[in-house]
Structure formats: C-alpha cells, structure tokens
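To keep things clear, I will list the structure first and then write my remarks on it.
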Amino acid sequence: MKKILFVVTSHEDLGNTGRKTGLWLSEFAEPYFTFKNRGIEITVASPKGGKVPIDTSSLEESHSNPFVKIFLEDDMDILENTVKLDKIDFHQYDVIFYPGGHGPMWDLAKDKQNGKLVSDFFNNGKIVGAVCHGTAALLKGINHRTGEPLIKGRNITGFSNSEEVAVGLQDVVPFLLESKIEEVGGVYFKTEDNFKPYVVIDGSIFTGQNPASGIPLAEKIIEELYSK
C-alpha cells in the first residue's frame, strides 16, 4: 500500500489583525479524498501535533463543496489528533504533501523540523507536493547534493502575488509567496487567470497554484506514484 504524509499548519493568528487563520479545508479535503479513494494510506502531521486550526472562512464552503461537506461529516477526526513532526520517520512514506491556508506562511515556512523533513523526502527521491500557500513549506528545504535551497532552479508555483492582492492580505502576510520563491532562486510559474487550476511538475516536486489546483495536483501525484 502506498503511504502519504500530509503536513498541515499549527498556526492560527492572521498576523496582527486579531482574526484567525489556519488550514484552508478544501485544500486538504479535495486531495485527501482523491488519495483515499485510490487506497492510499494517509497520516497527518503538524509542527505542534494535536488539533489543527482551520480557517473559519473555509468552513463556509461546506454549502457548495461536496468534499468539504463529506469531510466535516465523516472524517474530521483525522485533524483532531495529528502527529507531531518530530515523531515522523520519512522512510515510512512515499509522498509528503502540504495543503495551504495562510497558516504555513508563519510556521512551516521557517520550521527547522519541517525543513529537515522535506529535505529528507526530496533527497531520497520521494515525491514532494504542495498546493497554494503550502508551497511556503518548501522554502527551508535543502538540496543536499548542492547545499542550496531545495527549490533553487526548480519550476515552482504557489499562491501568486496578484491572488494575494485579490484577497486583500498582501500587507498582512509575512511575505508574498511568489516573490519569496523567486528570491530563493525558484523559477516561478502561474496561470494568467487568478484562481484557475494550475499545476507545475519538476522532477519529484509537484506544486499547485491555488485552492482550485488541489485535485489536479493530487491526480498528477497519483499518476507518478503508480508509474513506478
């Protein structure tokens, strides 16, 4: 059986706004069911372990998104008691996958344990996947062959600057993801239309630009998993 590790944020404060953030639920639920329906075993981890903070705005999608609705009804318990990152043995998994929400911009982007974990997956030829702001979790990864950032010279996508402006959080987030990817040497790609599905693949690194990219990203990862 193939095994995938979902790594999600433990961060819940939306900067200094007094509002809450966390995991964007559709970015978890849509890939989750795409993988689960193929019989792939899923483990969920987070920097602090335990219960995952969920962006309350994403819960509103339960009225329009069947994946979110079913997840809330049947599978929410998997986000109640996540494994702490320092307890994870990367050897046990075929894929590491990062859903978004704005939370990863504050914790996973700078978490040393996460940086080590994603580096271990990448440097051992395992698949690394991330969608939307989840791509921020790749920033601390290191390519052990070169000693440089994992994404340096790699084709990458993630939530674009124009999308951040569209949601009005460009002055709230700690950095703009598109700009940060380019700053560390990644080769950033995006679709011309905000919020449209867009997936970029470079070797074992699979990234999706925005929430709409979760399912096509998961499908591409599954294709790669079962092509071996």
Side-chain angles (χ1 to χ4, degrees), residues 4-37 40-85 87-88 95-111 113-114 117-118 129-138 158-159 163-164 166-170 172-175 177 195 197 207-215 217-218:
I4 185 167
L5 177 69
F6 275 53
V7 178
V8 298
T9 185
S10 293
H11 185 88
E12 64 177 354
D13 294 318
L14 188 61
N16 297 318
T17 64
R19 294 151 54 193
K20 297 298 183 182
T21 185
L23 172 68
W24 193 265
L25 196 54
S26 67
E27 293 176 30
F28 183 96
E30 291 181 353
Y32 171 84
F33 284 118
T34 304
F35 290 124
K36 184 178 180 180
N37 291 342
I40 298 171
E41 183 178 311
I42 299 167
T43 299
V44 186
S46 62
K48 294 181 180 179
K51 187 174 182 178
V52 177
I54 297 172
D55 192 312
T56 54
S57 296
S58 72
L59 297 175
E60 297 172 6
E61 294 183 341
S62 63
H63 304 296
S64 58
N65 187 318
F67 294 93
V68 172
K69 183 177 186 296
I70 294 170
F71 186 83
L72 287 169
E73 291 173 351
D74 298 335
D75 288 66
M76 266 295 287
D77 59 324
I78 200 170
L79 296 180
E80 295 292 321
N81 190 29
T82 61
V83 181
K84 195 174 180 182
L85 279 187
K87 303 297 184 184
I88 294 295
V95 181
I96 189 168
F97 184 83
Y98 295 94
H102 282 87
M105 300 280 279
W106 278 274
D107 62 354
L108 292 173
K110 62 182 181 181
D111 187 275
Q113 186 64 43
N114 176 65
L117 190 63
V118 70
V131 63
C132 201
H133 291 92
T135 304
L138 311 187
F159 207 59
E163 288 170 325
E164 203 70 78
V167 299
L169 293 175
Q170 72 274 14
V172 174
V173 290
F175 54 86
L177 184 55
F195 307 109
T207 50
Q209 182 176 327
N210 47 41
S213 307
I215 290 176
L217 176 62

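The two residues Pro99 and Val7 have their closest heavy-atom pair at CD-O, 3.3 Å. Counting all heavy atoms, side chain and backbone alike, Val8 lies closest to Pro47 at O-CD, 3.2 Å. For the pair Leu108 and Tyr98, the tightest heavy-atom approach, listed with the atom from each and the gap, is CD1-CD2, 4.1 Å.
Side-chain contact between Leu25 and Phe71 is present, with at least one heavy-atom pair separated by less than 4.5 Å. Phe159 is listed as a side-chain neighbour of Phe195, based on a closest heavy-atom distance under 4.5 Å. The closest side-chain heavy-atom distance from Ile215 to Phe67 is below 4.5 Å. Under the 4.5 Å side-chain criterion, counting only non-hydrogen atoms from C-beta, Ile42 is in contact with Phe6. Put simply, the side chain of Leu5 does not reach to within 4.5 Å of the side chain of Val95, judged on heavy atoms. Between Asp75 and Phe33 the shortest side-chain heavy-atom distance falls below 4.5 Å. Using a 4.5 Å cut-off on side-chain heavy atoms (C-beta onward), Lys20 and Asp13 make contact. No side-chain heavy atom of Leu117 sits less than 4.5 Å from a side-chain heavy atom of Asp111.
Side chain to side chain, His133 and Glu164 meet the donor-acceptor criterion of an N or O pair below 3.5 Å.
A donor-acceptor pair is defined here as one N or O able to donate and one able to accept, closer than 3.5 Å; no such pair exists between the side chain of His63 and the backbone of Asn65. A donor-acceptor pair is defined here as one N or O able to donate and one able to accept, closer than 3.5 Å; such a pair exists between the side chain of Ser10 and the backbone of Lys48. At least one donor-acceptor pair closer than 3.5 Å links the side chain of Glu27 to the backbone N or O of Gly100. Asp55 places no side-chain N or O within donor-acceptor distance of the main-chain N or O of Gly22, the cut-off being under 3.5 Å. For Thr135 (side chain) and Val131 (main-chain N/O), no donor-acceptor pair under 3.5 Å exists by modelled atom type. In this structure, Thr82 contributes its side chain and Gly50 its backbone to a donor-acceptor pair below 3.5 Å.
For Phe97 and Phe35, the ring centers are positioned less than 6.0 Å apart.
For the atom pair CE (Met105) and CG (Leu177), the distance works out to 5.5 Å, reported to the nearest 0.5 Å.
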